[in-house]
Amino acid sequence: MKTLNSVWAFLALASIACAAHTSNWAVLVSTSRFWFNYRHLANTLSLYRTVKRLGIPDSQILLLLPDDMACNPRNAFSGTVYSNADRRMDLYGENVEVDYRGYEVTVENFIRLLTDRWEEGVPASKRLQTDEGSNILIYMTGHGGSEFLKFQDSEEISSWDLADAFSQMREKKRYNEMLFMIDTCQANTLYRQFYAPGVIATGSSEEDESSYSHHADNDVGVAVIDRWTYYVLEFLETQVTGPTSDKTLGDLFDSYDVGKIHSNPGVRWDLFPGGEQAGRSRRVVDFFGNVQNVEVQGNQTGVESLKEDLQGLKRLVQDYQAFAAAQESNKTEMSDVVQRRNLEAVSSGKIRQKQRHTVGKLQLSENAQWARQVAGATVLSGLAALWYFAPKLM
Amino acid sequence: MNRWADGKACQLHYPLYIGLTWDDYDISPVQDLASQVQSLLRAENDLSLYDFYIIADTTTAETSQRAKLSGPGAGGELGEYRGHALSVNVITDPSTKSTSASLRTWRPVLDVRHNPERSVDSATLAPFIASEIRKIYEHENDAISHLLRDTPFTTSGQVEALSPEVKSSLDARRTRAFKYAATYHLTFSLFTSSASPSAWEAEQALEDSIRPLLDRFSSISEFTVDTQVQLLASFSPSIAGPQYDESTREWKLQRTDLSGFVNAAEWPLNPGIGSGPTINFVLFVPSEDQSPLVLAETGGNSWLIPQWGGVQILNPSGKQSEKLSAADLRPVMLTFADQLSALLGLPDSPASPSLRISSLVRERATSLVLSASSTLGALARLSLKLTSIAIPDSVAKSVDETILRLDQACHDLRDGRYHRALENARTAEGEAEQAFFEPSMVGQVYFPEEHKVAVYVPLLGPMAVPLVMAALKEFRKLRATKAKVA
């Protein structure tokens, strides 16, 4: 066992990069409704495809789309979403897992998602289950203004809310490093108030500047992609070709061309430990791809010793455990252990243990319903009598 | 709460009760030996987290009776497990050349063979036993002090620097193993690249190989087990795929392909089973035209993905049947069992599995105490910083419960009752998480002053202006009548 694990340790040492993160998550949010905001959903879906291509599984991507462009009645190519006028790649048709759709994309749900404050019973696919070793990519797009972002045309989230949410995540050690990208008008103001460490933020335009769309598709009828996102995607598609690419964030941010983007994108480095220098050296796939340091098992000696071990164990294990429990606590608890063993022995025919909680059904007792009906009828007849007899009494 | 977050509420110290027996001797030389070993262990300061208590036992009718209770074949064995972390059994053996020690595989018993005829041996017996005990607990001491290293719970006496290899292996273990959870969900999946084999005798194989391991771990966590079979599983398009190697006539899988091998998009490995983490074990059977499939760098066929699970490749043998029998699956399940122990964080030394389990219990209890304390600290800082969040009563109750359980866990650790300490620490951690992640504590939207003015002035302004004007008119009328009267 010892040699086996030292082999593993050596390989792990050789493969762990300086960032030392253990998982990758992505939260991709579009915040706009209505058909003419097609491009915001196309932005988000193109990032989704990129992140999937570079290896992050659906279980670690949270996709929030407030509207359904693919099945919108105005969509001439129904069932599809394109981010380019040449319509070569459909972003929506296959293999898409949208976690929050329609009216579920609200400010409250977004803050709950970031801080993981949910009621009982919210499924794991809707939660951001990160830990202290996770790198998170957050991408937001929509209509925004100075220090706010509009959600669903009815509410707004301010940069203070985001800053507080990130600081709560930091307190609870819910991320290792975070890359925050935002493509809206006056985008750079939204990350102005951040104060939690470990965040690199980048936006598409400065204060009092608008972000523009790139081009429109004449058959779809609306603009299909925004400029900043278009050029970011161009970099990602041409330069970051696979999960092992070496391109860094410095390369990505250096590729910003104000002449093409028509607005001034910005980057915020000061919250990152090590500042700009450390941030520029981080690889793009540290945020967009999925880390999986695998440990290859070399020799088989560990397995041999385990085989003998298991054979001996089958004879001794139960008495051992019961004795341990009895020694450490009172005799009454031991009887519980023994009872549990017996129960397990009974149910070991099926290995699976059912742990479902049935949803509590609302029980209406018959009596209560009948009493309520009688009371209602009495009130109604009283009122009718009043209405009928009152003019006669007057 | 801050006392716990600052590490002042509990001094983490682990008492270890070690029984010592020496056959054929009366109680007093055994007690002498015990006190010698204890003073030697206490004098050396390197295992500073532990308090060693060496207790002398002798063979009496009652000990052999207790030994019978602990299992078959225990009649002649002395110093058996009876609430002691370890039992040292000294055997007088005139045939041994020098004193030697061996640790039994599945009982926490250290057999020391000693030849009393040689006078040099009797003087060195106590130091020898002390050094053996130290060797056994050294790794655990390193692991726990590494755990405590950057937390407020370190005391000044524990700042010995660990060597880089030890540190890297401890870090590797920490990144590889799952976080502690009260329930783990294990899934065993069979993916075949072609249409056969289409079934496997998983239940029998699991019962043989995995169930004993799960029983052994049952004092620490619970487990649920699920299995599935998926046919015609294809590789993900982002990996290069197996390459045919002419020289060895094998299909080789490159290292860079291993991380993308599990086709997360196509293969149904949905982790959302229950409240605990899911550990996935994947057995892949390649098709006839792509076998034998091995790994390029080692020629082996299994690897472990940290905090996710393990993958193994089973190359179809000549006689291909539709169903994989339990005999075929036995070596597969053994490898999975090995990977499972690593994924649950079992340390690699000492050599006896039962000692490793008790070491894991101590480590997990410690880490749960640490995490519950830091959650309390985070909650305290949060409630001070974000004044707009309303904190409900249930949070206060959970915090009280957490502190109570943490106190109990600390006492249990001091008393040496590690299983109970683990339970209390687990409850404390659960309550602390519940307090921190209270769903009604979502911060209200931030309202700056300008927003408030912008909302209320148009609302109240049109209503307020006539009222104010009317009030002024009345006031002027009143003053005019007063002036007239005066």
Side-chain angles (χ1 to χ4, degrees), chain A residues 1-2 5 8-9 12-13 22-23 52-53 55 57-59 95 107-108 111-112 116-119 123-125 131 133 158 160-161 164 168 171-172 242-244 292-298 302-303 306-307 309-310 312-314 316-317 319-321 323-325 327-329 351-353 355, chain B residues 69-71 81-83 105-106 168-169 172 175-176 179 203 206 209 212-213 215-216 218-219 224-226 238 256 258-260 264-265 270-272 274 295 297-298 300 302-307 334-335 337-338 348-349 353 378 381-382 386 417 419-420 436-439 441-443 445-446:
Chain A
M1 211 50 136
K2 216 166 187 171
N5 281 313
W8 288 353
L13 187 66
T22 55
S23 59
K52 269 183 91 152
R53 167 176 69 92
D58 271 311
S59 53
N95 224 327
V107 172
E108 183 189 332
I111 302 268
R112 280 185 188 278
D116 205 27
R117 296 226 164 105
W118 289 110
E119 308 281 339
S125 63
D131 56 32
S158 67
W160 285 107
D161 297 326
D164 289 341
Q168 288 187 47
E171 283 289 344
K172 202 57 185 68
T244 52
Q292 271 198 337
N293 289 320
V294 297
E295 292 183 18
V296 177
Q297 290 163 264
V303 178
L306 187 67
K307 207 191 300 193
D309 181 22
L310 282 176
L313 210 67
K314 274 198 263 185
L316 296 174
V317 65
D319 318 307
Y320 181 92
Q321 292 291 345
F323 208 75
Q327 282 303 320
E328 275 199 5
S329 50
I351 297 179
R352 171 197 220 134
Q353 291 180 22
Q355 288 201 2
Chain B
L69 252 180
S70 70
Y81 179 83
R82 77 195 82 202
T105 334
W106 51 80
S168 68
S169 87
T175 51
R176 182 193 318 143
K179 296 273 178 301
E203 278 200 32
L206 288 171
S209 312
L213 192 70
D215 285 338
R216 187 210 282 165
S218 63
S219 60
T224 68
V225 179
D226 291 296
S238 64
T256 49
L258 293 182
S259 51
N270 187 355
L295 297 173
E297 53 188 289
T298 58
S302 63
W303 65 95
L304 186 140
I305 301 176
Q307 297 204 7
L334 281 174
T335 314
D338 198 28
D348 358 319
S349 72
R381 279 190 290 278
L382 195 70
L386 297 179
R417 301 221 282 245
H419 280 84
R420 199 190 271 190
F436 191 90
F437 290 118
E438 170 63 36
M441 269 168 51
V442 177
V445 174
Y446 173 76

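Not measured: the values here are computed from a predicted model. Each chain gets a letter, A, B and so on, in the order the sequences are listed, and its residues count up from 1.
- Of all the listed residues (D116(A), T244(A), D131(A), T22(A)), the one sharing the greatest number of non-hydrogen pairs under 4.5 Å with chain B is D116(A).
- Counting all heavy atoms, side chain and backbone alike, E295(A) lies closest to P306(B) at OE2-CG, 4.2 Å.
- S125(A) meets the side-chain contact (heavy atoms from CB on, under 4.5 Å) test with D99(A), P123(A); sequence neighbours excluded.
- Of all non-hydrogen atoms in E438(B) and R117(A), the two that sit nearest each other are O-CD, 2.9 Å.
- Only the side chain of Q307(B) comes within contact range of chain A, with heavy atoms under 4.5 Å apart.
- Annotation for Q168(A) and F436(B): closest pair O-CZ, 4.2 Å, computed over non-hydrogen atoms.
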